[in-house]
There are 2 protein chains.
Amino acid sequence: MSTAEETTGGEIEPWEEVTPDAARRLLVAAVEAFAERGYHATTTRDIAGRAGMSPAALYIHYKTKEELLHRISRIGHDKALDILRTAARREGTAAERLADAVSSFVRWHAGRRTTARVVQYELDALGPDARAEILALRRQVDAEVRGIVQEGVASGEFDVIDVHGTTLAVLSLCIDVARWFNVDGPRTPEEVGALYADLVLRMVGAEQDARRPAQT
Amino acid sequence: MSTAEETTGGEIEPWEEVTPDAARRLLVAAVEAFAERGYHATTTRDIAGRAGMSPAALYIHYKTKEELLHRISRIGHDKALDILRTAARREGTAAERLADAVSSFVRWHAGRRTTARVVQYELDALGPDARAEILALRRQVDAEVRGIVQEGVASGEFDVIDVHGTTLAVLSLCIDVARWFNVDGPRTPEEVGALYADLVLRMVGAEQDARRPAQT
DNA sequence: GGGCACACTAAGCGCTCGCTCAGCTTCGGC
DNA sequence: GCCGAAGCTGAGCGAGCGCTTAGTGTGCCC
């Protein structure tokens with residue numbers, strides 16, 4: 001979709017694809033509320049209130065509260081997948097592409113923590129059909145990272161015995177950033193991204209010198 | 001408290017410290033329900049029903065639904081801290097102790113996944129006082145792991161630039177096991193524990209030969 | 001064997017939830 | 001300048017929530 005090779009982890013204000021304006025304001029309000037309190041603890045009155053509207057206005061743009069979560073989750077997963085695909089398909093060694101994938105994926109989870117939190121941790125609140133759709137996207141996310149790891153093993157850059165398990169661990173490490181990252185904490189998303197790229201290269205047994213020129 | 005050096009990651013059936021019997025049945029039912037649906041989506045009628053009792057029976061043993069979560073969280077964090085302390089204070093090199101800590105911590109998160117899920121992911125549902133108490137325990141957990149990493153760096157076993165950040169990542173990796181681990185999946189808790197111990201030793205830059213004799 | 005503490009239940013209170021609906025305002029087309 | 005569509009609100013419905021209370025059965029002490 002969009003060229004996501006910008007400066008700091010993505011675009012400045014997302015959700016621009018959601019129209020009309022009132023629908024976007026409601027969706028942004030829902031992201032904040034779900035991230036703060038969780039889907040089940042958030043009321044439709046709270047969402048509407050944050051968007052400066054009455055509770056009934058929500059149902060003009062969305063059929064149910066669950067549809068809001070579904071839309072958020074879908075857009076968020078699309079974005080996450082887009083980030084990983086961009087990193088996976090650029091030129092360079094497997095080590096460079098893995099470092100790029102991890103650092104940009106982590107930057108997104110840290111920098112857009114509210115969104116990432118909803119996307120990664122409120123999946124169970126979706127109904128069976130919506131959950132199945134999202135799980136399919138997650139399998140693509142997994143496949144993208146596993147592909148890089150496999151190529152690194154094939155080329156001799158990496159030393160990995162359990163490719164599936166290590167891929168799972170790498171993604172798990174990145175995703176969990178959304179749980180603990182604190183915007184007011186001592187680290188910027190860029191710093192965490194750089195640290196994590198280095199840790200992941202160590203996990204896959206990349207050579208020391210391959211770890212050095214991992215830019216930002 | 002208890003000697004937690006048993007066979008596979010802990011005792012066979014926990015919660016034995018909760019008495020009387022009815023109170024324990026309610027608490028176990030609450031753990032299952034909270035893990036499946038989340039705290040806010042779980043009703044007191046559901047908890048009581050799983051325990052084979054009427055909704056009112058819950059309030060004989062617990063003042064509120066939140067007190068149930070508090071008790072679960074407290075006991076679970078005590079257990080997690082106990083596991084890490086046992087590993088941190090045994091004899092051996094920093095690499096051996098870190099591998100032991102990670103593998104037993106991961107075994108607990110995978111093997112007792114329902115409990116771990118509630119303990120690690122429902123913290124925000126607690127009130128301010130209870131949350132503060134639990135956060136103090138988490139800082140102790142963090143300090144225990146950071147201690148091992150620091151000793152490894154001091155002794156020259158490990159090669160770590162950012163001790164705090166790396167410790168955070170190690171714990172994050174272990175904790176997130178509770179989110180994705182599937183009891184019916186292809187891996188046993190022991191296998192995941194062994195894989196993760198190896199990955200963590202790579203993350204801290206332990207020498208190759210120090211990674212080999214990680215028992216269990 | 002009478003009295004009482006205790007564990008538990010049936011019923012339901014007050015409240016808030018997700019969601020609906022009748023009606024109001026605004027605005028473009030003609 | 002009238003009309004209908006669209007966006008939004010105020011009021012409120014039925015349901016289910018956390019929790020309470022009055023009453024019941026049971027077993028232990030003396």
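So you know, we letter chains A, B, ... as the sequences are listed, proteins then strands, and number each from 1.
- Straight-line distance from the OH atom of A:Tyr62 to the P atom of C:dT20: 16 Å, rounded to whole Å.
- As rounded to whole Å, 15 Å separates atom P of D:dT20 from atom NE2 of B:His61.
- No hydrogens or angles considered: nothing links the side chains of A:Gln140 and A:His77 as a donor-acceptor pair under 3.5 Å.
- Residues satisfying the salt bridge (charged side-chain N to carboxylate O under 4.0 Å, His left out) test with A:Glu122, not counting sequence neighbours, are none.
- Only one option out of A:Ile148, A:Val145, A:Val170, A:Leu195 pairs with A:Val102 in a side-chain contact (heavy atoms from CB on, under 4.5 Å); it is A:Val170.
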I would like to know whether A:Leu58 and A:Leu68 meet side chain to side chain contact (heavy atoms under 4.5 Å, CB included); could you show each step before the answer? CA-CA 9 Å; A:Leu58 196 152; A:Leu68 261 170; 4.1 Å; yes
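- A salt bridge links B:Glu144 with B:Arg89: the distance from a Lys NZ or Arg NE/NH1/NH2 to an Asp or Glu carboxylate oxygen falls below 4.0 Å.
- Near DNA chain D, meaning a heavy atom under 4.0 Å away, there are no residues from residues 35-44 of chain A.
- Spacing between atom CD1 of B:Ile60 and atom P of D:dG23 amounts to 17 Å, rounded to whole angstrom units.
- In this structure, OH of A:Tyr59 is placed 13 Å from P of C:dC21, rounded to the nearest angstrom.
- DNA chain D is contacted by B:Ala56 of residues 46-58 of chain B, taking any non-hydrogen atom closer than 4.0 Å.
- Atom CZ in B:Arg24 sits roughly 15 Å away from atom P in C:dA7 (whole-Å rounding).
- Ranking D:dC19, C:dC19, C:dC8 by closeness to the B:Ala22 side chain, first place goes to C:dC8.
- For the pair A:Glu36 and A:Arg50, the salt-bridge criterion is met [side-chain N within less than 4.0 Å of a carboxylate O].
- Electrostatic pairing of A:Asp21 and A:Arg25 counts as a salt bridge here, judged by a charged N lying under 4.0 Å from a carboxylate O.
- For the residue pair B:Ala125 and B:His40, the shortest heavy atom distance occurs at CB-NE2, 3.9 Å.
- The distance from atom NZ of A:Lys65 to atom C1' of C:dT20 is 17 Å, rounded to the nearest whole Å.
- Of the candidates C:dG18, D:dC19, D:dC8, the closest approach to any side-chain atom of A:Arg45 belongs to C:dG18.
- Taking the charged nitrogens against the carboxylate oxygens, B:Asp176 and A:Arg179 have no contact shorter than 4.0 Å, which rules out a salt bridge.
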